[in-house]
> 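Here you go, one structure.
Numbering of ligands and ligand atoms starts at 1, following listing order. All of these numbers come straight from a predicted model, not from anything done at the bench. If you read the sequence from its start, that first residue is 1, and numbering goes on from there.
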Amino acid sequence: MDFSIKSGHVEKQRVACLVIGVYEPRRLTDTGLLVDHFSQQYLSSILRCGDIEGKLGQTLLLHQVPNILAQRVLLIGCGRERELTLQHYRKILHKMVSVLNQAHISDVACYLPEINVKNKSLYWRISDAICTINDALYQFEALKTIKKKKAPSLKRMSFFVNSRRELDKTDSILAQSYAISAGIKLAKDLGNTPPNICTPSYLAKHAKRMEYDFNQNLRCTVLETEDMEKLNMGGVLAVAKGSNEAPKFIVLDYKGTDESVAPIALVGKGVTFDSGGISLKPAAKMDEMKYDMSGAAAVLGTMQAVAELSLPLNIMAVIPAVENLPSGHATRPGDIIVTASGQTVEVLNTDAEGRLILADALHYCQQFNPSTVIDVATLTGACIVALGRELAAVIGNHSVLVNNLLRAGEACGDRVWELPLLDEYQDLMKSPFADMANISNDNAAGAGTITGACFLSRFTEKMDWAHLDIAGVAWRSGAKKGATGRPVRLLIQYLFNIIQQPA
Ligand code: BES
Ligand code: MN
Ligand code: ZN
């Protein structure tokens, strides 16, 4: 899809379709008023007939509007101007994409960024439109030999600004939104790729590929089983043991500013398939556990965007990649393992594997004295019970960091909700035989997402750390099954906010 940003006369755009917003009740936007003027009140006469009220998501496709060169005009209801939120804006854009595709329209002049979204600049509205439209057009059909769906008809879209003066930021808007879109697409592609293809080695190969693509400032190191043995990464090795797929411990080191600046560490859970291990999961929906590497995918997507945009930050990505399967070599419930930090863990449930690999990954970060550590993981089914599929959970040991993530989430719509990290919950991880167990010792206590974070907190004590549980948001089930690419947007927004902050 090809996007551009232009200024020019609306009546002279020789395209298949103009897209124009209508506020409720029956109020044209600025460009709508212009078209109304050139067409001798054609639009207002239609509004008066009541064909479109302006309610959010209503549409009306008009042909042969007098005195304009575009073939069609698509009017889209935007709801009440004063109530227009980011979520509404995206709904409007999604609606536009579906109507344009149904009508097989390929080139469009879109005037939706002129509509008023609460607290958002024109720059933001254009950039977000590009990301949202790319997101809406996404398909994963690489493995279909018979393509059922037609490729989307949309090919070219121009956004219009009023004056040349607003155009000088065009290149940076396009670069930014392309990089974010590509990062989200990468995360979706990796997530959707089946687990027989997207193995730990596949993720490692992809990371190496990124080093090649961004040779200037991205270094990739992959630790193999022997390396992990030397580092006593008992957590990663214990989970990997049951599978024939070799574990990979992937480190990407991005240097965008002075060496002396402490890095931000992003840690992504990379379980390429989570069968539960000996504590086997039920069959229903087990296929969806190919998405258990969504944390890793989001971290890789974010790193790609960071490198693409050459952000002036130092960032490390740390991805423990494993497959969790049962076999004669697999870790048993009751096994006690030694993690890289030296702390011992009694593995009471081999399905609580994410925290075992993250324990080693978080400990690994410590040697780099990061300013901040954020881990991203599909850690607990309990998170879906707590927050459903709209919000990811954030839990951390540093309130400023947690607040920054909450704020970034609100700003970009990739939202998170804080759950508490209280000492009182730590006792639930007590084991009679090891430093801790990997699951709560009280079945009735609930709070599975919090206990998961409590476990991780024992490996991050010396660092400012936040944990994102993305179990509910990383993919959709059912008819629209597929990866969402979340929380790539959140992480990028968080990093953008840091750069704009005065030092
Ligand atoms: N990957 C799962 C969490 C998960 C399950 C995410 C379903 C999304 C949908 C994780 O490894 C897991 O199995 N967690 C267990 C932890 C429990 C054994 C303490 C869970 O949530 O049941
Ligand atoms: Mn599991
Ligand atoms: Zn898992």
> Do other residues, nucleotides or ligands put more than 12 heavy atoms under 6.0 Å from K255 NZ?
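For K255, atom NZ is crowded (more than 12 foreign heavy atoms under 6.0 Å).
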
> Nearest protein heavy-atom contact for atom 1 (N) of ligand 1: which residue, which atom, what distance?
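The closest heavy atom on the protein side is D292 OD1, 2.8 Å.
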
> Would you kindly say whether D189 and Y138 are connected by a side-chain donor-acceptor distance under 3.5 Å?
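Side chains of D189 and Y138: pair found under 3.5 Å.
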
> Among K281, M286, E353, which residue places a heavy atom closest to atom 11 (O) of ligand 1?
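Closest candidate by heavy-atom distance is E353.
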
> Describe, in one word, how the ring planes of F455 and F459 are oriented to each other, choosing from parallel (under 30°), tilted (30 to 60°) and perpendicular (over 60°).
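Tilted.
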
> Is the closest heavy-atom distance from K269 to ligand 1 below 4.0 Å?
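K269: in contact with ligand 1 (<4.0 Å).
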
> Taking the Mn ion (ligand 2) as the reference point, name the nearest N/O/S atom of E353.
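Closest to the Mn ion (ligand 2) among those atoms: OE1.
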
> For atom 15 (C) of ligand 1, what's the nearest protein heavy-atom neighbour? Residue, atom name and distance, please.
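Of every protein heavy atom, D351 O, 4.0 Å lies nearest to atom 15 (C) of ligand 1.
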
> Below 4.0 Å, non-hydrogen atoms only: which portion of M289 touches ligand 1? Side chain, backbone, both or neither.
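Within the 4.0 Å criterion, M289 contacts ligand 1 through side-chain atoms alone.
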
> Donor-acceptor check, side chain of D128 to backbone of W124, threshold 3.5 angstrom: yes or no?
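Flag not set: sc D128 to bb W124 has no pair under 3.5 Å.
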
> Give the residue and atom name of whichever protein heavy atom lies nearest to atom 8 (C) of ligand 1, and the separation in Å to one decimal.
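Going by distance alone, atom 8 (C) of ligand 1 is nearest to W475 CH2, 3.4 Å.
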
> Find all atoms of ligand 1 within a distance of less than 4.0 Å from any non-hydrogen atom belonging to I439, and give their numbers and elements.
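Answer for ligand 1: 19 (C).
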
> Any Lys/Arg nitrogen of D287 or K481 sitting under 4.0 Å from an Asp/Glu carboxylate oxygen of the other?
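Yes, D287 and K481 are salt-bridged.
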
> Side chains of N324 and S275 only: does a donor on one sit below 3.5 Å from an acceptor on the other?
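No, no side-chain donor-acceptor pair sits under 3.5 Å.
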
> Everything protein-side that's N, O or S and under 2.8 Å from the Zn ion (ligand 3): list it, residue and atom.
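Listed by chain and number: K269 NZ, D274 OD2, D292 OD2, E353 OE2.
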
> Can you confirm whether K95 is buried at NZ, in the sense that more than 12 heavy atoms of other residues, nucleotides or ligands lie under 6.0 Å from that atom?
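Not buried by this count: 12 neighbours or fewer within 6.0 Å.
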
> Quick test: of every protein heavy atom, which one is nearest to atom 6 (C) of ligand 1, and how far off is it to 0.1 Å?
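Its nearest protein heavy-atom neighbour is A471 CB, 3.6 Å.
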
> At a 4.0 Å cut-off, with the gap strictly under it, does some heavy atom of F273 reach an atom of ligand 1?
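False for this residue.
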
> Can you tell me which residue and heavy atom of the protein come closest to atom 16 (C) of ligand 1, and the distance to 0.1 Å?
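Among all protein heavy atoms, the one nearest atom 16 (C) of ligand 1 is R355 NH2, 3.9 Å.
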
> Would one find more than 12 heavy atoms of other residues, nucleotides or ligands at under 6.0 Å from atom CG of N215?
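Counting other residues, nucleotides and ligands, CG of N215 exceeds 12 neighbours.
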
> Between D135 and R486 (salt bridge meaning N to carboxylate O under 4.0 Å), is one present in this structure?
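Salt bridge: no.
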
> Got a sec: is D274 within less than 2.8 Å of the Mn ion (ligand 2) via an N/O/S atom?
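Coordinating: yes.
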
> Would Y364 and F249 count as a ring-ring contact (aromatic ring centres under 6.0 Å, His included) here? Give the steps.
CA-CA 10 Å; Y364 181 86; F249 192 94; 4.9 Å; yes

> Checking side chain to side chain contact (heavy atoms under 4.5 Å, CB included) between Y494 and each of T302, D414, L266, T372, which is the one that passes?
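One option only clears the test, and that one is T372.
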
> Cut-off 3.5 Å, side chains only: do S457 and N397 have a donor facing an acceptor?
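N397 and S457 do not have a side-chain donor-acceptor pair below 3.5 Å.
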
> Starting from atom 21 (O) of ligand 1, locate the nearest protein heavy atom and write down its residue, its atom name and how far away it is, to 0.1 Å.
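Checking every protein heavy atom, the shortest distance to atom 21 (O) of ligand 1 gives G381 N, 2.7 Å.
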
> Name the closest protein heavy atom to atom 2 (C) of ligand 1, giving the residue it belongs to and the distance to 0.1 Å.
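The closest one turns out to be D274 OD2, 3.5 Å.
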
> Which of the listed options, L379, T350, V239, holds the heavy atom that is closest to atom 3 (C) of ligand 1?
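When every heavy atom of L379, T350, V239 is considered, L379 comes closest to atom 3 (C) of ligand 1.
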
> Side chains of T272 and E245: any donor to acceptor distance under 3.5 Å?
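Looking only at side-chain atoms, T272 and E245 do not form any donor-acceptor pair under 3.5 Å.
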
> From atom 18 (C) of ligand 1, work out which of V271, N349, L348 has a heavy atom at the shortest distance.
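The option holding the nearest heavy atom is N349.
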
> In terms of side-chain geometry, is the basic nitrogen of K269 or D292 positioned less than 4.0 Å from the acidic oxygen of its partner?
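Yes, this pair counts.
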
